[in-house]
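Take a look at the structure set out below.
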Amino acid sequence: MTRITIADAGRHVGETVQIPGWLYNLRRSGKILFPQVRDGTGIMQCVAQKNALPEETFNALRHLTQESSLIVTGRIREEQRAPGGYEMDVEGVEVLQRVAEEEPYPITPKEHGIEFLMDQRHLWIRSRRQHAILRVRHEVIRAIRDYLDSHGFTLVDTPIFTPAACEGTTTLFETKYFDDDLVYLTQSGQLYNEATAMAFGKVYCFGPTFRAERSKTRRHLTEFWMVEPEMAYATLDDVKQVAEELIVYVVGRVVENRRQDLATLERDLSKLESVQSPFPRISYDEAVKFLQEKGSEIQWGGDFGGPDETLLGEAHDRPLIVDRFPAAIKAFYFQPDPERPEVALGADFIAPEGYGEIVGGGQRIHDPDLLLKRIEEHNLPREAFNWYIDLRRYGSVPHAGFGMGVERVVAWLCGLEHVRETIAFPRMLYRTRP
RNA sequence: UCCUCAGUAGCUCAAUGGUAGAGCAUUCGGCUGUUAACCGAAGGGUUGUAGGUUCGAGUCCUACCUGAGGAGCCA
């Protein structure tokens with residue numbers, strides 16, 4: 001007997017096949033049952049008629065509980081009345097495990113609160129909406145890799161355990177490394193990327209990063225995934241161009257390949273289809289002026305707050321590129337603008353619809369003396385950065401790169417309220433379980 | 001760390017300081033085209049914890065715990 005996935009059902013119309021899966025929902029109407037079976041690729045509505053089945057089979061199905069595992073055998077048929085467009089006429093059922101009614105599956109088809117759902121996260125990911133989001137995430141990650149891999153970037157992943165802060169400013173998670181040594185969980189692979197870029201030209205790292213910030217908002221996780229491309233012989237303009245192309249490509253891929261999931265999420269496709277080049281570009285100076293006109297308290301020299309980012313993002317139908325921030329609020333390694341040393345050659349991409357910063361990057365300092373000066377100004381331990389300074393001693397070149405946060409991109413593309421739904425098991429300020 | 005809000009049945013929520021209730025879920029019954037099906041019935045409670053006020057507290061007060069939203073910080 002052929003086993004198929006529900007996603008492939010359209011290619012098996014008229015055949016009798018098996019679908020291994022789980023009971024998603026069951027509607028009963030006397031002598032006819034409508035079990036809905038999910039298998040990870042989709043949901044199949046089945047039809048079981050009492051007079052077409054052995055009594056034992058019909059009764060087993062009739063009293064089956066939600067999320068019981070089963071293998072259904074039956075004939076696939078096109079059916080307009082079925083949610084997926086196809087339906088299976090049940091001929092046989094093998095129940096692998098019947099969920100006990102004393103402890104029924106906790107996530108019912110009705111509404112639930114977020115606390116309960118987060119406690120049940122290991123089960124919640126089976127639900128239609130969560131499932132759709134995680135499939136969009138997968139497409140986003142695949143698209144990122146496909147874009148970079150086909151544009152000359154080499155994946156060179158960077159360590160998770162790091163001996164010191166990359167940026168000195170934010171809080172790091174520390175962990176014991178054997179006897180008495182402390183190491184920190186990486187908050188960015190960037191410094192190492194600069195080393196690999198000098199070896200490979202164009203590189204990227206892609207993995208989890210950790211920030212021990214006591215942030216408790218819809219845009220924050222303590223563990224999140226970031227892709228960080230870095231390019232030798234490159235400038236701020238290259239960062240803006242590559243990041244823009246990457247975003248346009250990723251959005252296009254999701255719209256093309258995950259249309260069904262976006263429909264499940266009731267995402268307004270027109271909001272994604274408008275994400276085309278060129279993106280609007282303004283300077284930090286212009287952004288501050290714009291925000292002040294909108295009533296923000298921001299002064300030149302300050303960083304954008306959450307509401308500021310929302311104001312900037314909502315003014316456009318595609319990501320907004322803001323560049324040349326005050327050097328004082330940027331990390332030590334940013335190259336200053338040669339014409340205006342008080343601003344850094346950095347750029348942030350602010351997503352529309354209030355999703356905030358999704359890309360941050362810029363050009364790095366390539367002059368060893370200037371880098372040393374900055375390290376001293378920021379009171380960073382020079383010894384820890386000896387290897388990093390070496391990169392400026394042995395064939396230094398202008399170079400630039402950026403980081404893009406996967407969860408914020410996914411939240412934006414899916415139109416979600418909160419990034420916690422964009423990763424299977426989110427880690428947040430007050431949640432590390434399950 | 002700070003501000004605001006909330007904790008009542010497995011879940012989502014009601015309940016003037018005066019007998020703790022509904023829908024869903026579960027079980028039983030009915031229904032041959034259901035779309036979070038519907039209809040009928042049953043079981044299901046230490047009202048987050050500890051004190052206090054009161055004849056009487058789910059409700060008012062205090063502290064704590066847990067969670068949510070936000071600020072700062074950040075992708």
Side-chain angles (χ1 to χ4, degrees), chain A residues 24-36 43 45-53 58 62-63 65-67 79-84 87 89 99-120 123-124 127-129 167 169-172 187-190 208-228 243 297 302-310 329-331 348-351 355-361 402-412 417-420 422-423 428-431:
Chain A
Y24 191 73
N25 197 7
L26 173 64
R27 284 187 281 272
R28 284 179 295 189
S29 184
K31 298 186 180 62
I32 185 168
L33 311 176
F34 297 94
Q36 290 190 324
I43 295 173
Q45 172 161 293
C46 304
V47 188
Q49 304 197 46
K50 192 178 171 81
N51 61 16
L53 286 170
F58 185 83
R62 184 173 130 80
H63 293 287
T65 41
Q66 196 188 350
E67 285 300 318
E79 173 58 67
Q80 289 307 312
R81 288 174 291 185
E87 204 167 66
D89 288 316
V99 172
E101 58 265 10
E102 297 81 34
E103 286 184 277
Y105 187 69
I107 304 178
T108 64
K110 293 281 182 182
E111 73 273 12
H112 300 281
I114 193 64
E115 183 186 358
F116 174 77
L117 288 170
M118 288 306 300
D119 285 341
Q120 305 293 335
L123 304 175
W124 190 24
S127 299
R128 203 190 299 256
R129 225 182 116 74
E167 301 182 15
T169 54
T170 34
T171 326
L172 293 161
Q187 57 180 351
S188 165
Q190 189 217 306
T209 52
F210 308 85
R211 302 221 176 151
E213 293 155 5
R214 297 190 172 274
S215 300
K216 193 171 147 24
T217 79
R218 68 187 69 212
R219 296 200 281 257
H220 288 85
L221 300 172
T222 52
E223 176 183 316
F224 65 96
W225 283 64
M226 189 158 66
V227 59
E228 296 180 273
E297 301 281 301
D303 215 340
F304 302 142
D308 292 326
E309 281 189 359
T310 301
I329 57 170
K330 284 291 172 185
D348 284 355
F349 285 49
I350 297 170
Y355 284 96
E357 185 184 343
I358 50 171
V359 163
F402 63 93
M404 183 165 82
V406 169
E407 287 76 16
R408 285 194 186 170
V409 170
V410 175
W412 165 43
E417 283 295 309
H418 201 298
V419 291
R420 65 185 158 219
T422 63
I423 186 167
M428 292 175 291
L429 181 52
Y430 296 122
R431 182 172 293 277

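Numbers restart at 1 for each chain; the letters A, B, ... are given by sequence-line order, proteins then strands. Values in this document were obtained by computation on a predicted structure and should not be read as measured data. When reading the values below, keep in mind they use all heavy atoms of this one structure, side chains included, and skip hydrogens, waters and symmetry mates.
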Classify [X] by what it touches in the nucleic acid, base, sugar-phosphate, or nothing, heavy-atom distance under 4.0 Å.
| X | result |
| --- | --- |
| Ile107(A) | nothing |
| Gly30(A) | base |
| Arg128(A) | nothing |
| Val406(A) | nothing |
| Phe34(A) | base |
| Pro83(A) | base |
| Glu357(A) | sugar-phosphate |
| Gly403(A) | nothing |

Determine which nucleotide pairs with [N], using a 3.5 Å limit on both distances of a Watson-Crick or G-U wobble pair.
| N | value |
| --- | --- |
| C2(B) | G70(B) |
| U59(B) | none |
| G40(B) | C28(B) |
| G23(B) | C11(B) |

Taking only the [atom1] atom of each, what is the distance from [N] to [M] in whole angstrom?
| N | M | atom1 | answer |
| --- | --- | --- | --- |
| G44(B) | C2(B) | P | 44 Å |
| U47(B) | U59(B) | P | 10 Å |
| G29(B) | G58(B) | C1' | 36 Å |

Note to self: By nearest heavy atom, map Leu429(A) and His220(A) onto RNA chain B; which one lands nearer the 5' end?
What the structure shows: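 Nearest-nucleotide comparison on RNA chain B picks Leu429(A).
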Note to self: Which is more 5' along RNA chain B, the nucleotide nearest Leu117(A) or the one nearest Glu79(A)? Just name the residue.
What the structure shows: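 Its nearest nucleotide lies further toward 5', so the answer is Leu117(A).
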Distance criterion of 3.5 Å, no angle test: do you see the side chain of [X] paired donor-to-acceptor with the base of [N]?
| X | N | answer |
| --- | --- | --- |
| Thr108(A) | C11(B) | no |
| Gln80(A) | G33(B) | no |
| Gln45(A) | U34(B) | yes |

Next item on the list: Say whether, by atom type as modelled, one donor and one acceptor occur between the side chain of Tyr105(A) and the main chain of Leu123(A) under 3.5 angstrom.
Entry: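 It does hold such a pair.
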So, does [X] get its side chain near the phosphate of [N], meaning an N or O under 4.0 Å from OP1 or OP2?
| X | N | value |
| --- | --- | --- |
| Arg28(A) | G29(B) | no |
| His112(A) | C24(B) | no |
| Lys216(A) | A68(B) | yes |

Check: Looking just at side-chain N and O atoms, do Gln66(A) and Thr108(A) make a donor-acceptor pair shorter than 3.5 Å?
Finding: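 Absent: no donor and acceptor within the cut-off.
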Next item on the list: Give, for atom OG1 of Thr209(A) and atom CE of Met226(A), the distance between the pair rounded to the nearest 0.5 Å.
Entry: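 It is 4.5 Å, given to the nearest 0.5 Å.
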Checklist line | Heavy-atom closest contact (Leu221(A) atom, Arg420(A) atom, distance) | finding: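 Reported closest heavy-atom pair: CD2-CA, 4.1 Å.
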Checklist line | Nearest-nucleotide pick for Asp303(A), side chain only, options being C74(B), A68(B), C31(B) | finding: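 Selected nucleotide (nearest to the side chain): C74(B).
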Checklist line | Set of ring pair (Phe, Tyr, Trp, His ring centres under 6.0 Å) partners for Phe349(A), sequence neighbours left out | finding: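 Residues passing ring pair (Phe, Tyr, Trp, His ring centres under 6.0 Å) with Phe349(A): none at all.
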Notebook entry, point to check: Would you call Gln187(A) and Leu172(A) a side-chain contact if the rule is heavy atoms closer than 4.5 Å?
Noted result: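 Yes, side chains in contact.
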